[in-house]
Number of protein chains: 2
Amino acid sequence: MNTTTSCAQTPAPATPPDPTATSVGALGWMKGFPPPPDRLITFDDPAGGVFPRTRWSFSHVRETVPTANVWRGSSAASPLPAAPRSDIEAVTFKPLGGAETLTFAQMIPRTYTDGILVLHRGRVVYERYFGALTPERPHIAMSVTKSFVGTLAAILADEGRLDPSAPVTRYLPELKDTAYGDATVRQVMDMTIGVHYSENYADPKAEIWDYARAGGMLAQGPKYAGPKSFYEFLATLKKKEGAHDAAFAYKTVNAEVLAWILRRASNRSLADLLSEKIWRRIGAEQDAYFMVDRIGTESGGGGLNTVLRDLARFGETMRNGGRAPNGLQAIPKAVVEDIARGGDPARFAKAGYALLPGWSYRNMWWVTHNPHGAYMARGIHGQSIYVDPKAEMVIVRYAAHPVAANADNDPLTLPAFQAVAEALMRP
Amino acid sequence: MNTTTSCAQTPAPATPPDPTATSVGALGWMKGFPPPPDRLITFDDPAGGVFPRTRWSFSHVRETVPTANVWRGSSAASPLPAAPRSDIEAVTFKPLGGAETLTFAQMIPRTYTDGILVLHRGRVVYERYFGALTPERPHIAMSVTKSFVGTLAAILADEGRLDPSAPVTRYLPELKDTAYGDATVRQVMDMTIGVHYSENYADPKAEIWDYARAGGMLAQGPKYAGPKSFYEFLATLKKKEGAHDAAFAYKTVNAEVLAWILRRASNRSLADLLSEKIWRRIGAEQDAYFMVDRIGTESGGGGLNTVLRDLARFGETMRNGGRAPNGLQAIPKAVVEDIARGGDPARFAKAGYALLPGWSYRNMWWVTHNPHGAYMARGIHGQSIYVDPKAEMVIVRYAAHPVAANADNDPLTLPAFQAVAEALMRP
């Protein structure tokens, strides 16, 4: 289906598709044995990764591509007690740059939400699933994956097993003659790398498509002669673009380079490392999984799939200074504090995100620097972990927005999340 | 890697490969990031499905092909208490047709065992893993899959949702003009179908290879123009060979036809049906998974992957008249009794299995009719569930024998299992 990771090669539609008319229920994808030809979604079908099929395929990634398991371990899942609040849906907010007032309930379909869960002080005050997503079914996390990779790097650094100040080539001598040849691990962790690589989904010639094909996230096709694995692709990034350390520049390949560094530093696959350092420790209730390339290498840039509740457990663990809902100090406190403190807003500002003024990027997390000290993991098409320490709130969301740009989600989701935070803080 | 599902297109070697020299540890498959080219196993590599790579790849199927999850549910795993016995390995037996005396411990490497577990009265008296297999890693069950499919059919029949006496075409009108056009569901369940289809792994023109390619278990290749799914392949089986109901004839396609019937009768995918009717009920400790074809259809003929312990739970549930280790009547007693009673030995005899005198086949289980009333699920390359009611014993085994024929396992494993049964029965 060209899981594709995201990779909908579609321009933004003039008017947004009707969420109800384009829902999984309305269109009936993959029903029947076999499904009718016009309701079939396969990896080889280039439309499989394009909305509205994504509303099904983002919850069925493993049925179309090879994957690696992230084991949850043998222990009981950590508690996530339900304490539903009926007032969440009625919370109102004004979209960024808009004049109308919307409710939280209206935001949900307008941003093509597949599932959303709100935690307040560790209790589930709101939880809903739509279309193909169910509580026990993993959904693709897209670039939320990167925040797991960045957290793992910070954990290994905290353990003294990874040196952020070291050159990348200490771990990956293979990248000596690439743009990463004179970069440090820290610059990779914070994405201040000057590498020529375009992430522009609207440009069919952008390197993001070469990356996706090399990683098996897009069909390579019979005549394909390009790089056949993530490793081979990363070695092709010869060209620099700007200096390292000067500015934040969001490029998925940095997460793949960091994932490679993690494997070398830990002598573990990324799936095993995530299982050992996070998944088993936070008390995940389901296994997670990574999409892998043709030689079994996990996509650290966007290939993780989890159930929504486990994303919530991870977010709650972060909010609690690394202490998981099972009481275990699952992630070192220093790692969480370093992420919450954020990176350098001046370097971030150079990237020109008009909707994210004053933000920064640290260990592959997006840090708002707002009065609540909120920070986020963000995936294209609307996946998110939103941690609001002051409001003692975590919101996690899986979505399949038709437009591959957070700029289409943020105007609704960011003020909606802030409004819920304020509502929860009221006595 | 051509998971292949068994499908090692290799003739039997003159002398068996040395189990130690060909072990995963000795050969070091897939070590390193990336692994060295001569230690790489991929789906596109035709050697991936051939011994000795199979000793790695049979435990890593999902990393090479698309799969569908069989959910274990949210409950705690059912108990499988350990009560190790040190005398198991020293149990001796004489191989069928051989003069030497071997120990159980010697049988294990000589049959290229990846993992083996012996239950006595519900307690684990012996459990060992070798090479790539670990307690938490699923291994491909190959044709042991069929016994799950047959059991599911018997369960649906018991519930009145499937009529074994009905024609196949009541559920699958698509097969009207095939060899199945005048067959009954019961004939499919017991494999007394007269269909032209060769299961001879030594013949590169055997239909088993067309089946594997259609199901995505062998690479289709860029110029492939044959059937692209299990459904399409099954519709090509036009030619009859012999009459229905006359003789047992082991053909994997019958399990695929039965899996298709189950989907139609239950309106569930095979993965969901197995989860609902067996996996969640027996208290499985890990999710299982199926290999799927290019449109997401599970292989009911050989595509199931499970951890060894869950195979043991299923075997123990059968031994206990359908009562699982968690105390639940997971499978109807009548279903278990029907299987244990077996099918018609006269029809079985016509298939000419010299090593299996007096056996029969019922609901896709192999029934010994020996004095212990033992019955088996059997997979090519040596996978097995061996239920011995009289000895209150279950043996489950995953293996990667270099020869794709049970006739190479049975002379060692069958007398070894019987010898352990007798040892356990001694006061």
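Within every chain, numbering begins at 1; the chains are lettered A, B, ... in the order of the sequence lines, protein sequences first and strands thereafter.
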key: Separation between CD of Q286(B) and OG of S74(A), rounded to the nearest 0.5 Å   =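 Atom-to-atom, Q286(B):CD and S74(A):OG are 6.0 Å apart.
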request  = First locate atom CG of N69(B), then atom CZ of R137(A), and finally report the distance between them rounded to the nearest 0.5 Å.
outcome  =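 Spacing of CG (N69(B)) from CZ (R137(A)) equals 8.0 Å.
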Per-residue contact mode, [X] against chain B (heavy atom under 4.5 angstrom):
X       : answer
I295(A) : both
F33(A)  : both
A76(A)  : neither
E63(A)  : both

task = Check each atom of E298(B) against the heavy atoms of chain A and say whether the ones under 4.5 Å are side chain, backbone, both or neither.
result =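 When you check distances to chain A, no heavy atom of E298(B) falls under 4.5 Å.
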inquiry  = Tell me whether the count of non-hydrogen atoms from other residues, nucleotides or ligands lying under 6.0 Å of NZ in K277(B) goes above 12.
reply    = yes
message = If you count heavy-atom pairs within less than 4.5 Å of chain A, which of P34(B), A68(B), G296(B) leads?
response =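 Going by pairs under 4.5 Å, I would pick P34(B).
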message = Looking at chain B, which one of E285(A), R294(A), K223(A) has the largest number of heavy-atom pairs inside 4.5 Å, strictly under?
response =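 Answer, by heavy-atom pair count under 4.5 Å with chain B: R294(A).
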message = Testing the 3.5 Å rule here: is there a donor-acceptor pair between the side chains of T67(B) and R62(A)?
response =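 Looking only at side-chain atoms, R62(A) and T67(B) do form a donor-acceptor pair, the distance falling under 3.5 Å.
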